[in-house]
Number of protein chains: 2
Amino acid sequence: MIDYKNLSLANQVHQVIEENILNGVYKAGEILSESKLSEELGVSRTPIREALTRLESEKLIGITPTGTVVLGITDKDVKDIFTVKMKLEPLIAGLAAENISEEALVKLKDIIDQQEFYDSKDNKERVRNLDTEFHDTIYAECGSIVFQSILSPVHHKLLKYRKSSLENAERSPHSIGEHAGIYEAIKNRDKELAQKLMLEHICHAYENIKKGTKK
Amino acid sequence: MIDYKNLSLANQVHQVIEENILNGVYKAGEILSESKLSEELGVSRTPIREALTRLESEKLIGITPTGTVVLGITDKDVKDIFTVKMKLEPLIAGLAAENISEEALVKLKDIIDQQEFYDSKDNKERVRNLDTEFHDTIYAECGSIVFQSILSPVHHKLLKYRKSSLENAERSPHSIGEHAGIYEAIKNRDKELAQKLMLEHICHAYENIKKGTKK
DNA sequence: GGGAGTATACTTGTATACAAGCATGGTTAT
DNA sequence: ATAACCATGCTTGTATACAAGTATACTCCC
């Protein structure tokens with residue numbers, strides 16, 4: 001399977017703008033102009049528009065004939081996202097335990113190993129990106145395009161909040177340990193355990209985020 | 001709130017292509033060409049591309065540098081969609097019972113009245129479109145952009161299957177009756193009842209669809 | 001006849017030019 | 001001074017031209 005993502009300017013633009021929104025560089029309420037983005041990023045309006053179109057379907061921005069406004073995500077959105085994750089993601093973990101391929105198992109193990117490595121090097125950003133990769137891999141291997149298409153964008157939106165959570169020095173090793181547990185359960189094809197551990201993993205992540213946003 | 005949907009060619013194109021995919025006019029595996037769509041629909045490639053970009057994020061098509069392939073939805077997707085709906089939509093109904101505005105209540109009532117009217121006129125298509133409007137209104141009124149953005153596209157994907165279900169002569173009045181029950185519960189701000197009735201409504205719809213696809 | 005190489009006709013991806021609408025600010029007239 | 005009107009510069013929306021890559025089919029050579 002060829003990964004075309006690296007080839008397209010529009011995809012790169014999408015990632016950049018998405019990250020800027022989630023990290024607060026483009027703040028909620030701010031007006032984005034296609035022309036300005038075009039100049040800033042050094043590409044024409046066409047790939048910019050394509051990226052904006054996708055960001056709109058993710059509800060991160062709102063496009064009107066008179067301007068494009070940043071919506072971003074609120075604390076309430078985060079709460080709702082975790083509600084969705086708690087309801088659906090254990091199911092996914094169970095499905096993955098049934099359907100995952102051997103290559104994907106190797107990939108999951110590799111992600112966990114890398115997470116441990118970069119955590120020991122205190123490279124938070126890599127750990128965070130690998131967290132996304134871990135969950136995305138499970139989404140991709142559950143065998144359901146419906147669940148994948150719902151959870152993948154939803155999980156991505158937690159970027160900023162995962163950032164504050166995983167930068168909590170205590171949370172990071174716990175999270176990686178939980179990943180390892182989930183991996184083992186999936187590897188052993190233990191559907192029930194995978195579901196249980198995934199639910200706990202999400203609950204812990206949410207509790208940690210709540211702690212982080214309150215202080 | 002102004003509805004800009006009617007103004008844009010790209011939105012119209014999106015609707016047309018989406019409908020053609022869901023209704024099987026464009027079959028799974030078929031290759032769509034931007035140029036051909038452009039000629040067929042009488043617009044330039046630009047709005048076509050915008051529509052295809054959105055359809056890709058809905059996972060109804062897959063875009064590669066060598067062509068655009070129709071993915072459509074399978075029976076398994078429908079099963080997964082109902083799993084998602086059963087998990088999330090009762091929550092939404094409960095939230096709507098808490099948050100819905102008076103105008104939206106009037107709108108829901110009006111939708112139900114129209115459904116009864118068009119059902120008596122045997123206008124299945126209008127009944128079906130009103131079903132979408134009923135659920136979309138509840139999504140919009142639950143006060144959560146996250147839930148709305150997940151459930152709205154997911155519900156839309158059932159178009160073809162809703163078609164076969166609601167064209168079942170017996171299901172249609174039942175469905176409308178269930179809508180009325182949900183409306184009453186939301187109007188009375190009875191959260192628990194709204195949740196319960198919504199779950200039942202979805203279960204019935206799914207059972208009916210299963211019956212329809214098996215024969 | 002079969003195989004290799006090339007040309008052609010597609011595909012998506014990108015850039016740019018043009019159109020229409022709106023908001024804002026300046027200017028002019030009262 | 002104030003109000004109305006007009007022009008200017010923005011916005012998104014659309015069309016079109018060009019670029020790069022690929023698959024296929026045809027032709028030529030062996």
Side-chain angles (χ1 to χ4, degrees), chain A residues 1-21 25-72 149, chain B residues 1-21 25-72 149:
Chain A
M1 190 73 170
I2 304 172
D3 187 8
Y4 292 107
K5 277 186 203 169
N6 303 326
L7 301 177
S8 151
L9 272 184
N11 278 280
Q12 296 175 37
V13 170
H14 175 259
Q15 282 186 21
V16 169
I17 300 180
E18 183 182 41
E19 216 173 297
N20 282 345
I21 293 176
V25 177
Y26 300 148
K27 294 179 175 37
E30 189 173 340
I31 304 296
L32 295 182
S33 154
E34 291 176 5
S35 325
K36 281 180 192 165
L37 289 171
S38 174
E39 283 180 25
E40 278 178 33
L41 303 178
V43 297
S44 79
R45 273 182 62 206
T46 306
I48 299 280
R49 273 184 73 81
E50 192 169 321
L52 292 181
T53 299
R54 287 176 19 208
L55 290 168
E56 188 192 27
S57 73
E58 298 170 12
K59 305 295 179 191
L60 284 177
I61 62 173
I63 301 177
T64 70
T66 56
T68 299
V69 63
V70 176
L71 301 177
S149 68
Chain B
M1 190 74 171
I2 303 172
D3 187 8
Y4 292 106
K5 278 185 201 167
N6 303 325
L7 301 178
S8 150
L9 271 184
N11 278 282
Q12 295 175 37
V13 170
H14 175 260
Q15 282 186 21
V16 169
I17 299 180
E18 182 181 42
E19 216 174 298
N20 282 344
I21 293 175
V25 177
Y26 300 148
K27 293 180 177 35
E30 188 172 341
I31 304 296
L32 295 182
S33 154
E34 292 177 4
S35 326
K36 280 181 194 165
L37 289 171
S38 173
E39 283 180 25
E40 279 179 33
L41 303 178
V43 298
S44 79
R45 273 182 61 208
T46 305
I48 300 280
R49 273 185 72 83
E50 192 169 321
L52 292 182
T53 299
R54 283 169 30 199
L55 290 168
E56 188 192 27
S57 72
E58 298 170 12
K59 306 295 178 189
L60 284 176
I61 64 174
I63 301 177
T64 71
T66 57
T68 299
V69 62
V70 176
L71 301 177
S149 68

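Proteins come first, then strands; the chains are lettered A, B, ... in the order of their sequence lines, and each starts at number 1.
Atom CG of residue A:Asn11 and atom CG of residue A:Leu9 lie 9.5 Å apart, to the nearest 0.5 angstrom.
Residues forming a side chain to side chain contact (heavy atoms under 4.5 Å, CB included) with A:Ser38 (at least two apart in sequence, or on another chain): A:Arg45, A:Ile48. In this structure, the side chain to side chain contact (heavy atoms under 4.5 Å, CB included) partners of A:Glu58, at least two apart in sequence or on a different chain, are A:His14, A:Glu18, A:Leu55, A:Leu60, A:Lys157. Remark: B:Glu50 pairs with A:Arg49 by the salt bridge (charged side-chain N to carboxylate O under 4.0 Å, His left out) rule, at least two apart or across chains. Under the side chain to side chain donor-acceptor pair (under 3.5 Å) criterion, B:Glu40 pairs with B:Tyr26, not counting sequence neighbours.
Side-chain contact between B:Leu37 and B:Leu32 is present, with at least one heavy-atom pair separated by less than 4.5 Å.
Here the range on DNA chain D touched by chain B, meaning any atom under 4.0 Å from one of its heavy atoms, is D:dT14 to D:dT22.
In the region residues 44-55 of chain B, proximity to DNA chain C at under 4.0 angstrom, judged on heavy atoms, holds for B:Arg45, B:Arg49.
In this entry the distance linking NZ of B:Lys36 with P of C:dA9 reads 15 Å, nearest Å.
No side-chain donor-acceptor contact under 3.5 Å links B:Thr53 and A:Thr53.
Nearest heavy-atom pair, A:Ala28 versus A:Leu71, reported as atom, atom and distance to 0.1 Å: CB-O, 3.5 Å.
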